[in-house]
Amino acid sequence: PCRAQPKKKKKVDVRKEQAQKERMKKKLKKLEKAAPELIPIEDFITPLKYSESNRVRSLPPLAPEEAERRVLLLKKWCLFKQKQDEAEKKAIKALVESQQEALKELRLESEELFQAAIRRDEGLFPFEREGPSYTPPLPGYDPPEGKCTDITKVYTQ
Amino acid sequence: SAAARRPWRLFGAMCLLRLPRITQPLEKEEEEVAALMEQIELEKSHYSDHEMRRLEEEEQLKRKMESSYDEDEARGKTVIMARDLEEKWEQKFLQFKAAPRITDADKSNDRTSLNRKLDSNLMLLVKQKIGNQELWLLPQVEWQPGETLRSTAERAMATFLGDHIQAKVLGNAPYGIYKYKFPRAIRTENNMGAKVFFFKAFLQSSDLSQAELKADYLWVTKKELGDYLKSEYLKKVNRFLLD
């Protein structure tokens, strides 16, 4: 009599455990199928404290002469930018033409030099250069010391 | 495979550019529009934390002047006001002296110095003897069989500036060409004239104290090229120079 009962318990237990495991697996699969949560872009969410009404700037309304001046200035700017763009395009076109002419003359001279010239220059890219600043670097300048602590939040999907 | 000798001699020349170190001054329209944009941004903005603090403190001061203030209110406040902070920052800014945009070399118009005209491109010109004339040219040497034109141009650069120059050559292809015929006296069937191929490079190292300069040299901007180069040569060179 003692022997039969433990055996039954084991079978039932094993079956119960297997059923539990399957249920857990099904739940995991359902969770994985759901789309991953989007990482919020912190720049696009304005914190609520900045939309309070006492924060609104109080300035005198815009005079009509001022509005007129602004519109005319923007029109002048439009024209200025158009001229600048045209000049740039013209300069680039002249550059390309000059290069094409040089390559044509080179081809007339010697085919092998021409082939060497139109080969791709592997060492050219990636090309890095520091842009110009407003004032030249001050020789012997000792910048003040400071510590930078990074507090960006890292999200994991 | 040069079976028949071509009548043109080949030269490789290098246009070495020192790129600008400071920004160019803004045009009048650019300044006006920049001011307008700042004004519009100010009008559309809300008060920042610092400005709120400043406004509150101004109100407190006003209340102090007008009526007798509570001792309790004043006890818990900080000693430093926003206005004092702003003054402190202003003082610190005034103490800093930046390097001048117009250098000594600009004032003395020393055209051999690299510190001149920091807001524009500077090109290297050297004095070379062509035929029996001493001319100001972009550094050039004659092509030798067995090398590409780019290596000729690099050799030209090394001849005049020494081996320790760090320059980034912009590609294998020439940027421009100047073709000229020799004067009749020395022109022959096999030696009609010369073709000078120009290559462009950016100067990477900023100090050339190590360079052994072998001839008279100048660093000039695009506008000043006209003072030194001949008109035909100048026309061809100007085509591939962006200002």
Side-chain angles (χ1 to χ4, degrees), chain A residues 46 49-52 54-59 62 66 69-70 73-74 76-77 79-81 84 87-88 91-92 94-106 108-121 123-124 127 129-139 141 144, chain B residues 1-2 6 8 10 19-24 27 29-30 32-33 36 39-40 42-49 51-52 55 96-101 103 115 118-119 143 147-151 168-177 179 195 197-198 202 204 236-243:
Chain A
T46 39
K49 69 170 179 170
Y50 292 123
S51 28
E52 279 172 26
N54 65 341
R55 287 225 178 202
V56 177
R57 220 173 267 271
S58 56
L59 293 164
L62 209 58
E66 177 64 23
R69 178 196 80 105
R70 285 184 184 188
L73 182 60
L74 287 173
K76 262 200 291 183
W77 175 245
L79 194 68
F80 171 79
K81 268 302 192 194
Q84 200 184 50
E88 267 184 31
I92 293 178
L95 195 104
V96 168
E97 269 174 16
S98 163
Q99 193 167 46
Q100 290 298 325
E101 192 191 311
L103 284 172
K104 204 171 71 174
E105 292 280 337
L106 184 57
L108 288 178
E109 275 305 302
S110 124
E111 189 64 30
E112 65 172 278
L113 281 180
F114 175 75
Q115 291 299 330
I118 57 174
R119 215 174 292 151
R120 193 184 280 200
D121 185 6
L124 187 57
F127 178 67
R129 163 175 135 73
E130 288 227 356
S133 49
Y134 185 65
T135 48
L138 198 58
Y141 176 63
Chain B
S1 57
R6 302 275 323 186
W8 299 95
L10 299 180
L19 294 166
R21 297 223 194 106
I22 58 177
T23 50
Q24 288 183 337
E27 310 263 336
E29 287 96 340
E30 285 180 324
E32 287 175 15
V33 171
L36 176 64
Q39 222 179 334
I40 294 180
L42 188 73
E43 284 166 15
K44 286 194 178 173
S45 67
H46 288 195
Y47 288 127
S48 66
D49 289 339
E51 284 187 311
M52 292 295 287
L55 286 174
F96 173 72
K97 285 269 172 286
R101 279 164 64 94
T103 58
N115 275 334
L118 292 172
D119 63 347
W143 171 77
E147 62 177 3
T148 60
L149 274 174
R150 178 183 163 159
S151 7
K168 185 114 190 180
V169 185
L170 300 176
N172 286 325
Y175 274 79
I177 174 167
K179 205 160 77 167
K195 286 188 182 178
F197 289 94
F198 299 105
F202 289 155
Q204 311 270 94
K236 295 287 176 164
V237 169
N238 268 340
R239 279 173 77 191
F240 67 81
L241 289 178
L242 297 170
D243 202 21

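Just so we're on the same page: letters track the sequence lines, and every chain starts at 1. Keep in mind that the numbers below use all heavy atoms, side chains included, and drop hydrogens, waters and symmetry copies.
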Visitor: Do you know which of E101(A), E109(A), Q100(A) has the most heavy-atom pairs under 4.5 Å to chain B?
Guide: E109(A)
Visitor: Name the region of E43(B), side chain, backbone, both or neither, that has any atom closer than 4.5 Å to a heavy atom of chain A.
Guide: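 Contact with chain A is through both the backbone and side chain of E43(B).
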Visitor: Below 4.5 Å, heavy-atom pairs only: which of V96(A), L103(A), L108(A), L106(A) has the largest tally toward chain B?
Guide: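 Of the options given, most contacts go to L106(A).
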Visitor: Less than 4.5 Å to any heavy atom of chain A: does that hold for the side chain of F240(B), its backbone, both, or neither?
Guide: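 Both backbone and side chain of F240(B) come within 4.5 Å of chain A.
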Visitor: Counting only non-hydrogen atoms closer than 4.5 Å, does F202(B) touch chain A with its backbone (N, CA, C, O), its side chain (CB onward), both, or neither?
Guide: side chain
Visitor: Which answer fits L42(B), side chain, backbone, both or neither, if we ask what part of it has an atom under 4.5 Å from a heavy atom of chain A?
Guide: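 Backbone plus side chain of L42(B), per the 4.5 Å heavy-atom cut-off to chain A.
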Visitor: Is there a side-chain contact between E27(B) and E32(B) in this structure, where contact means two heavy atoms from C-beta onward sitting under 4.5 Å apart?
Guide: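 With C-beta onward as the side chain, the pair stays apart.
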Visitor: Under 4.5 Å heavy-atom distance to chain A, tell me which part of D49(B) shows up: side chain, backbone, both or neither.
Guide: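 Both backbone and side chain.
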Visitor: Heavy-atom cut-off 4.5 Å, strictly under: side chain, backbone, both or neither for P137(A) against chain B?
Guide: backbone
Visitor: Does T103(B) use its side chain to pair, donor to acceptor, with the backbone of N115(B) at less than 3.5 Å?
Guide: yes
Visitor: Could you grab the distance from atom OG of S45(B) to atom CD1 of I40(B), nearest 0.5 Å is fine?
Guide: 12.0 Å
Visitor: Under the 3.5 angstrom rule, does the side chain of H46(B) hit a backbone N or O of R57(A) as a donor-acceptor pair?
Guide: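 Not at all, since once roles are kept as given, no pair shorter than 3.5 Å links the two residues.
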Visitor: Check each atom of F114(A) against the heavy atoms of chain B and say whether the ones under 4.5 Å are side chain, backbone, both or neither.
Guide: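 No part of F114(A) comes within 4.5 Å of chain B.
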Visitor: Should V33(B) and L73(A) count as side-chain neighbours, where that means a heavy-atom distance under 4.5 Å?
Guide: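 V33(B) vs L73(A): side chains touch.
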Visitor: Side chain to side chain contact (heavy atoms under 4.5 Å, CB included), that's the test. Do L170(B) and Y175(B) meet it? Break it down for me.
Guide: CA-CA 9 Å; L170(B) 300 176; Y175(B) 274 79; 3.5 Å; yes
Visitor: Quick one: of S133(A), A94(A), A91(A), A116(A), who has the most non-hydrogen atom pairs under 4.5 Å with chain B?
Guide: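 If we count pairs closer than 4.5 Å to chain B, S133(A) comes out on top.
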Visitor: Please look at T46(A) and chain B and tell me whether the side chain, the backbone, both or neither of the residue comes under 4.5 angstrom of a heavy atom of that chain.
Guide: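 Contact with chain B involves no heavy atom of T46(A) at all.
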Visitor: Does Y134(A), at its OH atom, have more than 12 non-hydrogen atoms belonging to other residues, nucleotides or ligands within less than 6.0 Å?
Guide: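 No, not enclosed.
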Visitor: Does any backbone or side-chain atom of E97(A) lie under 4.5 Å from a heavy atom of chain B? Answer side chain, backbone, both or neither.
Guide: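 Interface part for E97(A): both.
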Visitor: Ignoring hydrogens and geometry beyond distance, is a side-chain donor-acceptor pair present between E111(A) and Q115(A) at under 3.5 Å?
Guide: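 There is such a pair (donor and acceptor under 3.5 Å, judged by atom type) between the side chains of E111(A) and Q115(A).
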Visitor: Side chain, backbone, both or neither: which part of R120(A) has a heavy atom under 4.5 Å from chain B?
Guide: backbone
Visitor: With only heavy atoms counted, which part of R101(B) is less than 4.5 Å from chain A, the side chain, the backbone, both or neither?
Guide: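 Both parts, heavy atoms under 4.5 Å.
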Visitor: Tell me, with the steps shown, if R119(A) and T148(B) meet side chain to side chain contact (heavy atoms under 4.5 Å, CB included).
Guide: CA-CA 11 Å; R119(A) 215 174 292 151; T148(B) 60; 5.7 Å; no
Visitor: Side chain, backbone, both or neither: which part of K179(B) has a heavy atom under 4.5 Å from chain A?
Guide: side chain
Visitor: Which atoms of L62(A) come close to chain B, meaning under 4.5 Å heavy atom to heavy atom: side chain ones, backbone ones, both, or neither?
Guide: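 For L62(A), side-chain heavy atoms alone lie under 4.5 Å from chain B.
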Visitor: Based on non-hydrogen pairs under 4.5 Å, which of W143(B), F198(B), F96(B), F197(B) is most in contact with chain A?
Guide: F197(B)
Visitor: What part of S48(B) gets within 4.5 angstrom of chain A, counting heavy atoms only: side chain, backbone, both, or neither?
Guide: backbone
Visitor: Would a distance-only check, ignoring hydrogens and angles, find a side-chain to backbone donor-acceptor pair under 3.5 Å from W77(A) to K81(A)?
Guide: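 No: the side chain of W77(A) does not pair with the backbone of K81(A).
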Visitor: Counting only non-hydrogen atoms closer than 4.5 Å, does L149(B) touch chain A with its backbone (N, CA, C, O), its side chain (CB onward), both, or neither?
Guide: both
Visitor: So which part of Q24(B) gets closer than 4.5 Å to some heavy atom of chain A, the side chain, the backbone, both or neither?
Guide: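 For Q24(B), there is no contact with chain A at all, as no heavy atom is under 4.5 Å.
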Visitor: For the CG atom of L19(B) and the CG atom of L118(B), what is their distance to the nearest 0.5 Å?
Guide: 12.5 Å
Visitor: Please step through side chain to side chain contact (heavy atoms under 4.5 Å, CB included) for the pair L36(B) and R70(A), ending with a clear verdict.
Guide: CA-CA 8 Å; L36(B) 176 64; R70(A) 285 184 184 188; 3.4 Å; yes
Visitor: Where does L138(A) contact chain B at under 4.5 Å (heavy atoms): side chain, backbone, both or neither?
Guide: both
Visitor: Please state whether the side chain, the backbone, both or neither of L124(A) comes within less than 4.5 Å of a heavy atom of chain B.
Guide: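 Both parts, backbone and side chain.
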Visitor: Is atom CZ of R129(A) surrounded by more than 12 heavy atoms (other residues, nucleotides or ligands) closer than 6.0 Å?
Guide: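 Yes - once you tally the heavy atoms of other residues, nucleotides and ligands closer than 6.0 Å, there are more than 12.
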